[in-house]
2 protein chains.
Amino acid sequence: MSAKRLSIVDIADKLNISKTTVSFILNGRAQEKRISAELVERVLKLVKEVGYKPNSLAKSLRTGKSNTIGLMVENISDPFFSAIARLIEDRAYKNGYKIIYCSTYNDTQKTKELINMFRDRHVDGYIMSPPEGIEEDITSLLNDHMPVVMFDRYLPTVDTDYVVINNQFSAYNATQHLIGQGYKNIALITFFSNQTQMADRVKGYKMALKENDLKPLVKELPFTLNKKNLIEPVTSFLKSKKNIDAILFGTNHDATCGLKVMQSLGISIPNDIAVVTFDDSDAYELHTPQITSIAQPIEEIADNVITILLNKLDKKTEFEKNQAITLHTELIIRGSSKSSK
Amino acid sequence: MSAKRLSIVDIADKLNISKTTVSFILNGRAQEKRISAELVERVLKLVKEVGYKPNSLAKSLRTGKSNTIGLMVENISDPFFSAIARLIEDRAYKNGYKIIYCSTYNDTQKTKELINMFRDRHVDGYIMSPPEGIEEDITSLLNDHMPVVMFDRYLPTVDTDYVVINNQFSAYNATQHLIGQGYKNIALITFFSNQTQMADRVKGYKMALKENDLKPLVKELPFTLNKKNLIEPVTSFLKSKKNIDAILFGTNHDATCGLKVMQSLGISIPNDIAVVTFDDSDAYELHTPQITSIAQPIEEIADNVITILLNKLDKKTEFEKNQAITLHTELIIRGSSKSSK
DNA sequence: ATGAAAGCGCTAACAA
DNA sequence: TTGTTAGCGCTTTCAT
C-alpha cells in the first residue's frame, strides 16, 4: 500500500509517450491538439485504472490558480453566518472550488493577517463580511485583480461587489410596526459598530421614531463572542430604564442575550415589553410567546454572493461593473409584538 | 501597484547573495548554517521592507507539507458542529495551520469525493465526524501516514485517534432521571443511524428502561437537512402514541423539530409530556419551560481534537499509540423534565 | 499529431 | 560561511 504517488511522467512512461501529450489530454485539449482518439482513449483508461490524480499544488504553482475561495465571516458559529457558509460551500464544491474559511471576530488586525494568509495561499477569490478599517487591504487585493465579494455589510469607500439587505427600511418597518401596535418607548439594543449594516439599522429605527415624534433610545453593546459579557450591560440597562415598552434587537446574538435577561428579570413579553429582532431562528419560533423577527433571505444572499464570484472567476475579462445587490427582508409578526393595550 | 510578486530570487539578487542563503535565513537555519548575524540582519530588513512573502504553494510542492488541515463535519450550519469548528479553527490558525472545511451531510459518496479532494490538496491532517461506510478510505489515508482524528463518533473497525462523549451513559443517565421523576412511557426520538454515537445513545436508553422493566419505544427519523421533512413523521408519531409521557431526543436537530410539533399540537411540557434532549442550546434555555439537556463539553472536545492532531503533525515519529478519548456530558436538569405527578 | 524543454518558486544535498 | 544545482509535478511554447 501507500505506493509512491504517481505523477504525470509515470503515466507518460507507461505508455511511451511524452507528458505533454498526457497533459493535453487530461486538460481536454486533445481535439485542439488533434491527438488521435485512440491515444486519448488509452491514456484515459490507464489514468482511471491506476487512479492517477494530478498534483493540484504543482498545477496551481504553474497556472497561478488554486481553485480555492477564501471565506471570511464574522463568526462561523453564529447561526446566520454558518447558514450562509453552508450554502456557499455547497455551490463552491459543485463548481470545483474548495473553501478555506476563517472567522474575523470583527478584529481588524486579525483580518489583515488572514487576508495575507489567504493571499499567500493564492486563493482565487474572496468572500467576506468585512470588519472596519481594512479598506486598504481590500483595495490592494482589487489592484491585484482579485475578485472580492462582500456580504452583510460593505465598505463605502471601496468599489467591490456586495450583497446586502435593506437594513434601513427593515429597521424602519419593524419600528413602525411596533409604533402601530401602540408602543411609544421603543429601545434599540444592538452591538455597536460603524459597519454599514448597523449604521443603517440604527438610522431606520431613528427615522421611524422621528416621524412619530418619539424619542430614540439606543443601547450599544460591545462586540463579544461570549454572551455572558452582554448579560450585565443589558441587565443594568433594562433595570434603569423602567419606562421602555418595546425593544428592537439589532442581531440574533443581542436578542438571544436580551431574552435571557428578560426571562431572569421576570419581564413579561409583550405585556411589560414587546420584542422584535433582526434575524430569525428556531429559538424565536419556539419561544413563548413567539418572537417577531426580521428574517433575512439567507438562501438568496448566499446564492447571489457565490454566483457573482463564480462569474468573475470564470471570465478573463474582469472589467465588468461591480454589482451592488440589495435584498429584502421579511417581517414575521408573532406574539412578542402584538399590542397588549 | 500590483507589482509582480517578489520571489526569493529577487531578494537574493538585490543583496547579491544566493537564494539558498536567503532560504536558510528565512527558515531559521541561519545559526545552524553559521550565516553571519550581519547578513541575517540585512536579509530580514530587506524582506520586511519590500514585504516579501514566500510563495507557500511552491514551498508546499517542494516540502510536501501544506500547513492545511481538512475539517469534515456533518453539517457546518448545525450549532454543535459550527461551535466545534470555530474552536478548532482558532487553535489551528494560532499554530500556523489553515482549515479547509466541508460538510458531509452523512453522505458516504460525497465524503469519499471530499477525501479525495483533500488528499489532492495535500492537507497535512484530517479531522472528521465520519459517516458510515468510509472505513476503506480512512484506512487508505492511514496507510499513507496521514493523521486522522475523529470526533462525535468513530469507526469501530478503524484504528484512529478519536474524541467522543460517553453516549451510552449519558442516555442511560438521562433516561434514569426521567424514570426517577415518575415517567413510565418514555420514547426516544432520534435520527436513525448506525453511527457509534447514535447506537450508543439508543443502547443507554434501552438499558435504563430494561432495568426498570419498562418498554422502549424508539422513533427513528431520517437524516435530513430540512427540519420541515421531520415535522410530518414526528407529528404522526405523537398523534398515534397517546400514552407517551416523556421523550428523549437524540440530537438538537430532532429536539428543535419535536418541540415545534409539540407546540403546534398544543402538548404541554412537562404536564402532558416531559422532555430531555442531547445537546444544549440557547433555545432550550429560553424555552418555556426550560428544556432539560445533555450538554456536551464543546470546548473540551475541540481542544482535545486539535491538540491530538497538532501533536501528530509535529512529530516525525508518528508511531505512537492512537488515543481514544471519552469525555463526559452534563445533565442539566430544567423544568421540562420535572415531575408533575 | 506529438515531444523537448523551460520554468512556476522553493528547499536541500552537495560543493567550494 | 555561502553558492550551485537538481528537482517537487505540472503547463505550455516552440519544434518537429
Side-chain angles (χ1 to χ4, degrees), chain A residues 3-44 46-47 50-68 119-122 124 144 316, chain B residues 3-44 46-47 50-68 119-122 124 144 316:
Chain A
K4 189 88 207 71
R5 199 170 144 157
L6 294 161
S7 89
I8 195 170
V9 195
D10 298 317
I11 302 293
D13 284 356
K14 288 201 191 189
L15 260 27
N16 273 317
I17 57 178
S18 97
K19 58 177 180 172
T20 311
T21 310
V22 179
S23 173
F24 283 147
I25 293 175
L26 259 29
N27 289 309
R29 301 179 57 187
Q31 289 262 49
E32 173 192 340
K33 293 293 174 181
R34 295 191 231 179
I35 295 171
S36 70
E38 183 266 338
L39 218 200
V40 171
E41 180 117 344
R42 271 169 56 214
V43 170
L44 260 26
L46 180 62
V47 163
V50 300
Y52 164 73
K53 295 264 182 189
N55 180 326
S56 59
L57 284 176
K59 198 167 187 163
S60 295
L61 176 60
R62 181 61 229 238
T63 61
K65 203 180 172 200
S66 65
N67 278 294
T68 306
R119 182 182 276 233
D120 190 57
R121 305 223 94 218
H122 295 240
D124 297 327
D144 289 350
K316 310 296 160 209
Chain B
K4 190 88 208 71
R5 199 171 145 158
L6 295 160
S7 88
I8 196 170
V9 196
D10 298 317
I11 301 294
D13 284 356
K14 287 201 190 187
L15 259 29
N16 273 318
I17 57 178
S18 98
K19 59 177 179 172
T20 310
T21 311
V22 179
S23 173
F24 283 145
I25 292 176
L26 259 30
N27 290 310
R29 301 178 57 187
Q31 289 262 51
E32 173 193 339
K33 293 292 173 180
R34 294 191 232 179
I35 295 171
S36 70
E38 182 266 338
L39 219 200
V40 172
E41 180 118 343
R42 271 169 55 215
V43 171
L44 258 26
L46 179 62
V47 163
V50 300
Y52 163 74
K53 293 263 182 190
N55 180 327
S56 57
L57 283 177
K59 199 169 186 160
S60 295
L61 177 59
R62 182 59 231 238
T63 60
K65 201 178 174 201
S66 65
N67 278 293
T68 306
R119 183 183 274 236
D120 191 58
R121 306 223 95 219
H122 295 241
D124 297 328
D144 289 350
K316 308 297 162 208

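Only heavy atoms go into these numbers, but all of them, side chains included; no hydrogens, no water, no symmetry mates.
For the pair A:N27 CG and D:dC10 C1', the interatomic distance rounds to 9 Å; values are reported in whole Å. Between B:L61 atom CG and D:dG7 atom C1' there is a gap of 9 Å when expressed in whole angstrom units. Atom pair B:N55:CG and D:dC8:C1' shows a separation of 13 Å (rounding to whole Å applied). Rounded to whole angstrom, the span from the CD1 atom of A:I8 across to the P atom of D:dG7 amounts to 18 Å. Rounded to an integer number of Å, the gap from CZ of A:R42 to C1' of C:dT2 is 13 Å. Atom-to-atom, CG of A:L26 to P of D:dG9 comes out at 16 Å; the value is rounded to the nearest Å. The CG atom of A:L15 sits 10 Å away from the P atom of C:dG3 (whole-angstrom rounding). Rounded to whole Å, the distance from OH on A:Y52 to P on D:dG9 is 10 Å.
Proximity of a side-chain donor or acceptor of B:D124 to a complementary backbone N or O of B:K65 within less than 3.5 Å is not detected. Remark: side-chain polar atoms of B:T68 are paired, donor with acceptor, to backbone N or O of B:S66 under 3.5 angstrom.
Residue A:K59 places at least one side-chain N or O closer than 4.0 Å to OP1 or OP2 of D:dT11. Not one side-chain nitrogen or oxygen of B:T63 sits closer than 4.0 Å to the OP1 or OP2 atom of C:dC10.
Side-chain proximity of A:F24 to C:dG9, D:dT5, D:dT12: nearest is D:dT12. Comparing D:dT11, D:dT2, C:dG9 against the side chain of B:L39 picks out D:dT2 as the nearest. In this structure, the nucleotide among D:dG3, C:dT11, D:dC10 sitting nearest to the side chain of B:S18 is D:dG3. Listed candidates were C:dT11, D:dT2, C:dG3. Nearest to the side chain of B:S23 is C:dT11.
Each of B:R62 and B:K33 was assigned the nucleotide of DNA chain C with the nearest heavy atom; the assignment lying further toward the 5' end belongs to B:R62. Comparing A:R29 and B:I17, the nucleotide of DNA chain D nearest to each residue sits closer to the 5' end for B:I17.
Across all strands, A:S7 comes closer than 4.0 Å only to sugar-phosphate atoms, never to a base (heavy-atom distances). Residue-level contact check: B:N16 touches the backbone only, with heavy atoms under 4.0 Å from sugar-phosphate atoms and none from bases. If you check every strand for non-hydrogen atoms under 4.0 Å, A:L57 touches nothing. Among the heavy atoms of the strands lying under 4.0 Å from B:T20 is at least one base atom, whether or not backbone atoms are also near.
The pair A:D144-A:R119 meets the salt-bridge criterion, since a charged nitrogen lies less than 4.0 angstrom from a carboxylate oxygen.
Counting heavy atoms from C-beta on, the side chains of B:I8 and B:S23 come closer than 4.5 Å. Counting heavy atoms from C-beta on, the side chains of A:L26 and A:L44 come closer than 4.5 Å.
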